[in-house]
Trainee: 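I'd like to ask some things about the structure below.
All figures in this text were calculated on a predicted structure; none of them were measured in a lab.
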Amino acid sequence: MATNGKATNILWHKSSVGKLHRQELLQQKGCVIWITGLSGSGKSTLACALCQALYSRGKLTYILDGDNVRHGLNRDLSFKAEDRAENIRRIGEVAKLFADAGIICIASVISPYRRDRDACRALLPEGDFIEVFMDVPLQICESRDPKGLYKLARAGKIKGFTGIDDPYEPPLNCELVLPQKGINYASPCEMAETVISFLEEKGFLQA
C-alpha cells in the first residue's frame, strides 16, 4: 500500500497486457506530440491536419485540444495561474494514458509556462514526449484573432491573456520548431508532414 498525493492505501494494479502488446496490435508506438504556442498560432489546425495525415496512413491518434478539454474534464477550472497549471497537469496525465495505450496523442494547448510543459514531459519515458513549438509572432496571431480574444484582451475585457498581459515562455529545447516568416509559410499539411517525418525517423510509426 502507498500514499500518493491526497490518496492513501492505494496500490498500482498491473495488467497481463502491457504497452508493448498494445503497440504490436496497433503497429505503432505510443507517444505524446505536444503542440504549444500563442492563441492563433495554428495549433489546432496543425493537430487536425496531423491527425488526418496519420489516419490516412492507418495510424491511430487522439487530439486533446485545450478548448475541448475545458468542456468536460477541466470544466471546473478557471484561467487563474493555479488553475492553468492544473489544466496542463491533467492534460499531461491523460496524454500519458493515451501513450501507454499505444496511441499517438496530439495535445494542442497554449501551455505558456515551461515548468508545466517540462512536468508533462517528465511523466513519459525519454523520447516519448515530442514538443512542437508554433513559432508565430504575436502580431500575426493577433491579426488572425479567430476567436476575437485578442480584441477583448486589448479592451481590458479579458485579464491574464497570454501574450498581452500574461507571458508566454517559448521552449528552450523542443523537438520541432515550425516557424512562420512573413507571408510565406508552410501549409498545415506541409507542417503535418514535417512532424510525420520526425515520427518516422524516430520509429514511432511501426511496432
Trainee: Return the set of residues passing side chain to side chain contact (heavy atoms under 4.5 Å, CB included) with Val94 (not counting sequence neighbours), or none when no residue passes.
Mentor: Leu64, Leu73, Phe98
Trainee: Does some side-chain heavy atom of Arg70 sit less than 4.5 Å from a side-chain heavy atom of Leu77?
Mentor: yes
Trainee: Sub-3.5 Å donor-acceptor pair from the side chain of Asp83 to the main-chain atoms of Asn87, do we have one?
Mentor: no
Trainee: Closest heavy-atom contact between Lys43 and Thr36?
Mentor: CD-C, 3.7 Å
Trainee: Look only at the side chain of Gln23 and the backbone of Gly30, and say whether a donor-acceptor pair between them is shorter than 3.5 Å.
Mentor: yes
Trainee: Consider only side-chain heavy atoms of I, L, V, M, F, W and Y, link residues closer than 4.5 Å, and tell whether Val109 and Tyr150 are in one cluster.
Mentor: no
Trainee: Please list, chain by chain and in numerical order, all residues satisfying salt bridge (Lys or Arg N to Asp or Glu O under 4.0 Å) with Glu175, sequence neighbours excluded.
Mentor: Arg121
Trainee: For Gln28 and Ile104, which heavy atoms make the closest approach, and how far apart are they?
Mentor: NE2-N, 3.6 Å
Trainee: Do Leu46 and Leu38 share a hydrophobic cluster, counting only Ile, Leu, Val, Met, Phe, Trp and Tyr and linking them when any side-chain heavy atoms are less than 4.5 Å apart?
Mentor: no
Trainee: Consider only side-chain heavy atoms of I, L, V, M, F, W and Y, link residues closer than 4.5 Å, and tell whether Ile88 and Phe133 are in one cluster.
Mentor: no
Trainee: Can Val69 be reached from Leu123 by stepping across I, L, V, M, F, W or Y side chains whose heavy atoms are under 4.5 Å apart?
Mentor: yes
Trainee: Can you check whether Thr61 reaches Ile33 side chain to side chain, under 4.5 Å on heavy atoms?
Mentor: no
Trainee: Begin from the C-alpha positions of Asp145 and Arg154 and carry the test salt bridge (charged side-chain N to carboxylate O under 4.0 Å, His left out) through to its verdict.
Mentor: CA-CA 12 Å; Asp145 203 10; Arg154 290 293 188 189; over 6 Å; no
Trainee: Quick one: does Asp166's side chain get under 4.5 Å of Arg84's, heavy atoms only?
Mentor: yes
Trainee: Search all heavy atoms of Pro112 against all heavy atoms of Pro167 and return the closest pair with its distance.
Mentor: CB-O, 3.6 Å
Trainee: Give a yes-or-no answer on whether the side chains of Asp116 and Ser111 include a donor-acceptor pair shorter than 3.5 Å.
Mentor: no
